[in-house]
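Just so we're clear, the structure is a prediction, and the values are computed from it rather than from any experiment. Both backbone and side-chain heavy atoms feed into the values below; hydrogens, waters and symmetry mates do not.
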Amino acid sequence: MATLILPEIPKDYDAPSIEARCRALWEESGIHRYDPDAPGEVFSVDTPPPYVSAAHLHVGHAMSYTQAEIIIRYQRMKGRKVFYPMGFDDNGLPTERYVEKTYNINKRLTTRAAFRALCLEETRKGAAQYEELWRGLGLSVDWTLRYSTIDDHCRRTAQKSFLDLFGKGRVYRSNEPVLWDVHYETALAQADLDSMARKGKLHDIAFTAQADGSPLVISTTRPELIPACVALYHHPEDERYAHLKGTSAIVPLFGHEVPILTDETVDPAFGTGLMMVCTFGDGEDVRKWKRDKLATRLVIGPDGKMLPLAGQFAGMTAELARNAIVSALAEAGFHRKSITVEQNVSIAERSGVPVEFNMAPQWFIRVLDIKPQMLARSAELNWNPAWMKVRLDHWIEGLKYDWNISRQRFYGVPFPVWYCQGCNEPVLADAASLPVDPVEDPCPVSACPHCGSAEFRGESDVMDTWMTSSLSPLINANWAETPGRKGDMSLHPMTVRVQAFEIIRTWLFYTLIKSDAHLGTLPWKDVMISGWGLNENGKKISKSDLEKYTDKDGYNRYEPFGVIHKFGADALRYWAAGSHLGHDMRFNEKDVKDGRKLAVKLWNAARFVLMQIEGFDPEAPRPTFAERQPEDRWLLTELNKIVPVVSEGFESYNYAVSRESVDRFFWATFCDDYLEMVKHRFWKPELYTEEARVSARATLWESLRVILGLYAPFVPFTTEDLYQAIYRPVEGTVSLHVTRFPEFDAERTAEVPEMLVVGGILRAVRQLRTEARLSQTRALEAVVVDLSAASPELTEVVQAMKASIQAVSRAAEVRFDTAAYATDVAGLTVGIVAGELPEKTPTA
RNA sequence: AGGCACGUAGCUCAGUGGUAGAGCACCGCUCUGACACGGCGGGGGUCGCCGGUUCAAGCCCGGCCGUGCCUACCA
């Protein structure tokens with residue numbers, strides 16, 4: 001059998017060329033492609049479709065996507081059939097605004113189809129940038145499974161979802177007070193709200209009792225809603241106001257009469273204990289309005305300006321009207337006092353302006369009735385980390401409104417609905433015709449089945465963007481049965497949802513709703529929730545962070561392409577694996593340098609191994625484990641020990657535990673100790689048998705291979721490139737990433753107690769060298785071992801390990817004599833004899 | 001206001017009952033035949049504070065303080 005000619009590995013670690021080689025290999029070999037017919041269990045991943053128009057990519061994105069991908073690579077190496085698609089979200093306000101701005105177009109002069117074409121074009125550009133980053137990071141996405149929430153398949157799926165929910169009675173249309181964004185002039189869902197703390201003024205305002213003209217003082221932070229006042233309330237047991245029961249009050253300035261009612265939720269201790277209820281100040285007003293059938297007096301319009309009911313204040317913004325009304329009240333003698341208070345106001349997440357209520361017919365998905373069911377679904381899910389579950393549970397418990405899915409915007413997935421102009425009944429699209437746009441497409445029926453009218457109007461509202469993205473598992477599984485689309489319903493439920501924590505209440509919650517409503521199942525078995533990569537000050541990475549901090553090469557510190565360019569993709573990935581799942585992590589370049597160091601160290605360790613094993617034939621029989629040298633048995637045992645630890649870390653999404661374990665072994669045990677020891681066998685052949693070298697070569701060959709496997713999910717480029725050069729010619733597998741992940745070897749578990757002695761002497765000699773100011777590698781005349789206090793067993797071990805002791809000491813001989821320095825082995829003391837310094841420079 | 005997470009060496013973070021850890025930074029020594037993007041050694045912490053349980057607590061329990069996030073109708 002011919003000896004294998006081992007390859008030369010370039011001396012310098014060159015990340016860009018390594019990455020280029022690997023990317024080409026992965027692309028050509030198609031190893032990331034999902035093959036439904038392959039054997040094995042499926043591991044499918046529902047990963048966030050980013051907003052392409054947002055395009056502010058930073059290292060935080062790289063972090064969370066990488067954390068998930070590390071697990072995916074592991075699962076692939078465990079032999080699972082990986083289904084890893086990538087989508088892009090191009091619905092919603094961000095895209096609409098972006099395209100409007102970029103092309104400077106007037107939406108009223110274009111059609112949705114034309115607008116959609118522009119969005120698709122922008123999506124294509126934006127997605128290309130994302131794709132380049134994902135590929136650059138080594139994400140093993142199957143790009144043939146790509147989807148875009150604007151494409152026909154996704155629109156079809158979203159519209160099918162609507163039809164199905166309509167058929168099941170889960171969707172309804174109603175003219176209700178809805179949360180309203182006065183900036184973008186659209187309805188919102190509860191999940192689209194944010195809150196903002198600010199200082200406000202609490203005003204005491206006098207109403208007038210209808211019965212006797214006495215003043216009734218209420219406290220309000222929203223005096224501009226006084227014209228909208230429809231009732232006063234007090235607590236039913238508040239004796240101060242008991243006599244008002246059944247009477248009414250006159251609203252100051254505006255003069256209309258409102259009833260005085262009671263409600264348990266009124267806090268008698270707040271303000272005067274008397275409150276006004278308006279159309280509509282908050283959700284509580286809406287609740288009382290519904291329950292007590294109060295009058296309706298809308299005073300704030302869809303654009304946030306005061307309506308005619310506000311009288312002289314009509315046309316003002318609510319903000320302006322607030323001050324103007326207070327002044328008018330003061331002049332008229334109704335204003336009593338004002339105090340400054342801290343208040344929390346609800347704002348629209350997208351526009352940042354305080355939300356108002358508006359009334360318009362909207363489509364809703366009924367969710368309030370299934371809160372307990374959703375909490376049960378939450379409990380069924382395998383949450384990683386487990387404590388993220390309460391975030392969803394709290395959200396579900398706090399839900400107050402059904403999910404409003406109507407948006408009064410131009411662009412998005414249309415509702416597949418027309419309305420009869422005669423009786424206003426909705427007519428739904430045919431399932432077979434999806435996707436449709438009712439603004440442009442004709443109504444599927446020629447006469448209304450209810451009233452016979454032939455006039456129809458297509459719904460011009462579009463769906464909430466989450467209506468589509470909440471279907472990602474069903475988009476992937478081709479629930480809509482789009483022809484030519486990969487994937488089928490055997491993929492649903494998927495294995496794991498991967499996302500960050502801030503979209504638990506939206507993406508995660510809505511997806512649970514959809515799979516439950518459509519199919520009565522969970523959308524996935526597991527969820528993996530990542531934290532955020534923060535800037536150096538521990539804050540969210542902002543746009544200005546991405547504008548500042550640019551170095552002389554033009555690379556921004558938080559910008560992933562720049563980081564990859566400077567340190568390599570593996571370095572950035574390694575950094576990403578440093579935070580425990582779900583925890584935020586501050587980004588520092590110096591921490592990325594650690595990743596770079598690891599990659600370089602791996603490279604050099606591999607080069608070293610190749611140098612030492614020259615002449616090794618990987619296909620020839622190797623010594624059994626029992627036949628190996630003690631150092632070799634020890635190394636293989638230590639390596640074998642970490643394999644289950646690493647695997648269990650990955651299985652439970654705790655990649656950080658896995659990384660730490662491999663790191664400790666690789667740096668300390670393998671490089672610092674074992675490689676240093678094993679050198680001697682090759683450099684001092686006269687002290688060792690050929691069997692000892694054969695044992696070393698076999699051990700180096702095998703252990704490097706396992707190390708590459710263990711590190712493969714973290715640093716896929718470096719490990720792959722080394723695998724290609726060293727092991728592929730022997731093993732024949734196209735890529736390291738489709739080889740089997742290292743497995744625990746039940747035979748390689750023998751402890752090697754001799755190594756405790758050798759290790760103890762190694763540490764002692766290193767210490768003694770430092771104290772004597774000697775280089776660690778300088779040859780010593782002798783290492784002195786004092787066995788006077790040693791047990792017979794210890795003495796025997798020392799004798800047997802004499803060559804190793806000499807090796808780790810780099811000493812010309814081992815002397816048995818008295819010595820003072822205590823090792824960490826009981827009964828064993830050592831010393832060193834430096835001897836003459838070798839002449840370095842030639843003598844004259 | 002409630003919930004969750006966090007508070008461990010100058011910095012970033014490990015450490016789920018048994019004598020305080022890593023990396024970076026710092027101070028020495030070392031350019032030795034894988035690697036100076038390296039190696040060896042060292043200094044540095046009353047583990048936020050106060051109680052409790054235990055033979056034993058950074059770790060468990062209670063309370064407080066601080067930070068971040070989530071939730072919340074105090075009009």
Side-chain angles (χ1 to χ4, degrees), chain A residues 9 11-13 193-195 200 202-203 218-222 225 233 263 265-267 269-278 281-288 341-344 346 385 387-400 501-502 504-505 531-532 534 536 538-540 567-568 571 575 578-580 582-591 593-612 656-657 659-660 663-664 667-668 671-672 675-676 679 682-683 762-763 765-779 810:
Chain A
I9 293 181
K11 184 172 187 310
D12 290 325
Y13 174 79
L193 303 185
D194 238 328
S195 69
L202 181 65
H203 305 277
I218 60 104
S219 301
T220 182
T221 53
R222 302 207 55 189
L225 288 178
Y233 277 80
D263 190 274
T265 64
V266 179
D267 178 2
F270 186 90
T272 59
L274 197 59
M275 75 182 287
M276 70 167 182
V277 166
C278 309
D282 57 31
E284 269 302 295
D285 286 356
V286 174
R287 189 181 66 82
K288 296 189 187 80
V341 291
E342 279 294 329
Q343 56 177 174
N344 257 325
S346 287
W387 46 266
M388 286 289 182
K389 174 177 180 288
V390 300
R391 297 198 178 203
L392 177 65
D393 293 354
H394 284 168
W395 175 254
I396 294 173
E397 285 160 9
L399 273 175
K400 287 183 303 187
F501 60 84
E502 84 282 7
I504 287 176
R505 72 184 194 185
W532 271 356
L534 305 174
E536 290 175 12
K539 303 285 180 198
K540 189 176 171 177
F567 302 105
W575 166 77
S579 93
H580 280 235
H583 287 96
D584 298 342
M585 182 167 54
R586 295 184 188 202
F587 178 82
N588 278 297
E589 284 196 343
K590 66 178 176 60
D591 295 327
K593 281 183 192 155
D594 287 349
R596 170 78 179 189
K597 274 175 53 178
L598 183 268
V600 171
K601 189 78 172 176
L602 258 178
W603 189 259
N604 286 312
R607 285 178 54 228
F608 174 81
V609 167
L610 286 187
M611 287 176 194
Q612 305 315 324
V657 170
R659 199 198 84 176
E660 205 197 335
D663 278 346
R664 208 172 28 237
W667 285 95
C671 292
D672 294 346
L675 292 187
E676 290 304 322
K679 283 172 179 173
F682 300 103
W683 292 352
L762 171 66
R763 282 182 289 277
V765 170
R766 280 173 177 171
Q767 181 78 50
L768 287 166
R769 282 174 181 273
T770 296
E771 286 175 9
R773 310 203 144 203
L774 292 170
S775 153
Q776 291 297 328
T777 46
R778 212 205 92 178
R810 301 199 179 203

Quiz item: Under the side chain to side chain contact (heavy atoms under 4.5 Å, CB included) criterion, do Phe270(A) and Met275(A) qualify, and how do the steps go?
Solution: CA-CA 9 Å; Phe270(A) 186 90; Met275(A) 75 182 287; over 6 Å; no
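- Across all strands, Trp575(A) comes closer than 4.0 Å to no nucleic acid atom at all (heavy-atom distances).
- Within 4.0 Å (heavy atoms only), Lys679(A) reaches at least one base atom of the nucleic acid.
- Taking only side-chain atoms of Lys597(A), from C-beta outward, the nucleotide of rG41(B), rA34(B), rG38(B) with the closest atom is rG38(B).
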Pairwise N/O distances under 3.5 Å, protein to nucleotides 15-20 of chain B:
none

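- In terms of modelled atom types and a separation under 3.5 Å, the side chain of Asp584(A) and the main chain of Trp532(A) share a donor-acceptor contact.
- Contact annotation: the side chain of Glu676(A) approaches that of Lys679(A) to within less than 4.5 Å [non-hydrogen atoms, C-beta and beyond].
- Between Asp584(A) and Glu771(A), it is Asp584(A) whose nearest contact on RNA chain B lies nearer the 5' terminus.
- Checked for salt-bridge contact, Lys593(A) and Glu589(A) miss the test: no charged N lies under 4.0 Å from a carboxylate O.
- Each of rG23(B), rC37(B), rA34(B) was ranked by its minimum atom distance to the side chain of Lys590(A); first place goes to rG23(B).
- Put simply, Arg596(A) has no side-chain N or O that comes within less than 4.0 Å of OP1 or OP2 on rC37(B).
- Distance alone, capped at 3.5 Å, is enough to place a donor-acceptor pair between the Gln776(A) side chain and the Arg766(A) backbone.
- Contact annotation: Lys601(A) does not reach the phosphate of rA34(B) (side-chain N/O to OP1 or OP2, under 4.0 Å).
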Could you list, one pair per line, each protein nitrogen or oxygen that sits under 3.5 Å from a nitrogen or oxygen of nucleotides 71-75 of chain B, together with the distance?
residue : atom : partner   : partner atom : Å
rU71(B) : OP1  : Arg505(A) : NE           : 3.4
rU71(B) : OP1  : Arg505(A) : NH1          : 2.0
rU71(B) : OP2  : Arg505(A) : NH1          : 3.3
rA72(B) : OP1  : Gln190(A) : NE2          : 3.2
rA72(B) : N6   : Asn344(A) : ND2          : 2.2
rA72(B) : N1   : Asn344(A) : ND2          : 3.2
rC73(B) : OP1  : Lys400(A) : NZ           : 2.5
rC73(B) : OP2  : Lys400(A) : NZ           : 3.4
rC74(B) : O2   : Asp267(A) : OD2          : 3.1
rA75(B) : N6   : Asp267(A) : O            : 2.8
rA75(B) : N6   : Phe270(A) : O            : 3.2
rA75(B) : N1   : Asp267(A) : N            : 3.2

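- In the set rU30(B), rC40(B), rG41(B), rC40(B) carries the atom at the smallest distance from any side-chain atom of Asp672(A).
- A side-chain donor-acceptor contact under 3.5 Å links Asp263(A) to the backbone of Thr265(A).
- Using a 4.0 Å heavy-atom criterion, one finds that Ile218(A) contacts no nucleic acid atom at all.
- Taking the ring centroids of His583(A) and Trp387(A), they lie under the 6.0 Å cut-off.
- When the side-chain nitrogen and oxygen atoms of Lys540(A) are compared with OP1 and OP2 of rC69(B), none of them lie within a distance under 4.0 Å.
- Counting any heavy atom pair closer than 4.0 Å across all strands shown, Cys278(A) reaches no nucleic acid atom.
- Annotation: ring pair (Phe, Tyr, Trp, His ring centres under 6.0 Å) contacts of Tyr233(A) (sequence neighbours excluded): none.
- No contact: Glu502(A) has no heavy atom under 4.0 Å from any strand.
- Between Lys389(A) and the phosphate of rC4(B), there is no side-chain N or O to OP1/OP2 separation shorter than 4.0 Å.
- Distance alone, capped at 3.5 Å, is enough to place a donor-acceptor pair between the Arg769(A) side chain and the Ser775(A) backbone.
- When heavy atoms are screened at a 4.0 angstrom cut-off, Val390(A) is found touching the sugar-phosphate backbone but no base atom.
- Between Arg773(A) and Trp683(A), the residue whose closest nucleotide on RNA chain B is further toward the 5' end is Arg773(A).
- Here the side chains of Lys540(A) and Glu502(A) are not in contact, with every heavy-atom distance at 4.5 Å or above.
- In this structure, Gln612(A) does not reach the rG33(B) phosphate: none of its side-chain N or O atoms is under 4.0 Å from OP1 or OP2.
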